[in-house]
Amino acid sequence: RLDLLFEMIQHHAETNAEERAPILQRLAEVAGLMLIEYSLRGYQRDGLNTGFGINDARIRAVLTSIHQAPERDWTLGLLAEEANLSRSSFAQRFRSIVGQTPVDYVLRVRMAQACRQLRRTVAPISEIAYGCGYSSDAAFHKAFKRMVGVSPARYRNQEKRRA
């Protein structure tokens with residue numbers, strides 16, 4: 001499934017169509033969500049579980065905790081405690097298994113949650129921000145715009161127009 005998705009991303013990245021940016025944004029969002037899903041559940045390939053987080057019990061516990069409470073004020077220290085490792089050992093182990101830093105992973109999970117809520121609910125953006133772990137609208141807006149490329153309000157409006 002991921003191979004087809006990555007082929008679609010490559011195809012649209014190489015086109016000059018006007019719709020390229022929103023299509024690429026949506027495909028990247030789907031790819032991110034699929035990678036998160038695979039990291040938690042793993043997947044079968046040739047009879048082997050090859051999910052990149054599932055085979056390491058400590059990292060699996062951290063991934064589960066992040067997904068169960070993405071709004072928690074996750075710090076490297078708290079995540080390392082979840083894994084029962086030192087901060088440096090945990091950070092190195094997490095990055096080698098998951099392919100990104102723990103803090104970046106938490107941010108991606110939060111942004112995926114925010115995107116889902118912006119598409120599926122009419123909840124105020126400040127409520128979504130708080131539910132995703134941000135204590136201020138400004139911090140949420142800044143992180144959202146950096147990750148998604150547009151403000152939360154603009155993202156919601158674009159999604160409404162597509163529906």
Side-chain angles (χ1 to χ4, degrees), residues 1-2 4-6 8-13 15-41 43 51-54 59-83 87 90-91 94-95 97-163:
R1 288 186 233 170
L2 286 174
L4 176 60
L5 186 61
F6 290 135
M8 291 171 65
I9 291 171
Q10 182 177 2
H11 169 75
H12 286 288
T15 67
N16 290 326
E18 279 184 37
E19 300 92 25
R20 177 175 132 174
I23 291 170
L24 285 172
Q25 179 181 340
R26 176 69 106 204
L27 289 171
E29 181 181 323
V30 170
L33 292 171
M34 288 177 71
L35 288 172
I36 289 168
E37 180 71 19
Y38 285 152
S39 74
L40 285 176
R41 297 176 191 236
Y43 61 98
F52 56 82
I54 204 76
I59 300 302
R60 183 177 59 240
V62 170
L63 292 172
T64 300
S65 294
I66 291 169
H67 284 270
Q68 287 176 343
E71 74 285 351
R72 188 170 174 194
D73 187 18
W74 292 111
T75 62
L76 184 59
L78 283 174
L79 293 167
E81 283 178 29
E82 284 282 320
R87 288 168 37 127
F90 167 71
F94 190 96
R95 186 175 183 116
I97 292 170
V98 178
Q100 56 189 293
T101 68
V103 173
D104 285 344
Y105 187 84
V106 169
L107 178 61
R108 289 184 189 282
V109 170
R110 287 176 172 177
M111 290 302 117
Q113 176 185 354
C115 287
R116 273 192 311 276
Q117 290 180 4
L118 287 166
R119 279 193 316 274
R120 296 179 183 169
T121 73
V122 293
I125 292 173
S126 59
E127 185 178 305
I128 292 171
Y130 181 76
C132 291
Y134 291 89
S135 57
S136 79
D137 286 353
F140 174 70
H141 279 74
K142 183 177 179 180
F144 191 93
K145 189 162 186 176
R146 186 176 67 240
M147 288 292 295
V148 180
V150 295
S151 71
R154 186 162 185 190
Y155 179 85
R156 177 176 265 167
N157 289 335
Q158 288 174 345
E159 293 301 309
K160 283 181 184 176
R161 279 187 257 137
R162 286 187 195 147

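Predicted model, so just to flag it, every value in this text is computed and none were measured.
- Residues Gln158 and Val150 are in side-chain contact: their nearest non-hydrogen atoms beyond the backbone lie under 4.5 Å apart.
- Residues Glu71 and Gly131 share a closest heavy-atom pair of CB-O, 3.1 Å.
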(request) Could you go through the side chain to side chain contact (heavy atoms under 4.5 Å, CB included) check for Tyr130 and Ser135 one step at a time? (result) CA-CA 6 Å; Tyr130 181 76; Ser135 57; 5.8 Å; no
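- Using a cut-off of 4.0 Å between Lys/Arg side-chain N and Asp/Glu carboxylate O, Arg116 and Glu159 are scored as not salt-bridged.
- Between Leu118 and Ile128 there is a side-chain heavy-atom pair separated by less than 4.5 Å.
- Atom CZ of Arg119 is surrounded by more than 12 heavy atoms from other residues, nucleotides or ligands within 6.0 Å.
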(message) Quick one, Ile59 with Val98, criterion side chain to side chain contact (heavy atoms under 4.5 Å, CB included). Give me CA distance, side-chain angles, the key distance, then yes/no.
(response) CA-CA 9 Å; Ile59 300 302; Val98 178; 4.0 Å; yes
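- For the pair Phe140 and Pro152, the tightest heavy-atom approach, listed with the atom from each and the gap, is CE2-CG, 3.5 Å.
- Summarising the geometry, atom CD belonging to Gln117 is positioned 4.5 Å from atom CD belonging to Gln113; distances are rounded to the nearest 0.5 Å.
- Distance check: Glu82 CD to Leu63 CG gives 11.0 Å after rounding to the nearest 0.5 Å.
- Remark: aromatic rings of Tyr105 and Phe94 are close, center separation under 6.0 Å.
- The side-chain heavy atoms of Thr121 and Arg156, taken from C-beta on, include a pair separated by under 4.5 Å.
- Note: Gln100 CD to Leu107 CG = 9.0 Å, rounded to the nearest 0.5 Å.
- Other residues, nucleotides and ligands contribute at most 12 non-hydrogen atoms within 6.0 Å of the CZ atom of Arg154.
- Contact of the Pro102 side chain with the Trp74 side chain is not registered, since no non-hydrogen atoms from C-beta on lie closer than 4.5 Å.
- You'll find the side chain of Ile125 stays beyond 4.5 Å of the side chain of Phe144, heavy atoms only.
- Interatomic distance, His141 NE2 to Ser126 OG, rounded to the nearest 0.5 Å: 9.0 Å.
- With rounding to the nearest 0.5 angstrom, the CG atom of Leu79 is 6.5 Å from the CG atom of Leu76.
- Rounded to the nearest 0.5 angstrom, Asn157 CG and Ser151 OG are separated by 8.0 Å.
- Arg72 has its side chain out of reach of Val106: every pair of non-hydrogen atoms, C-beta onward, lies at least 4.5 Å apart.
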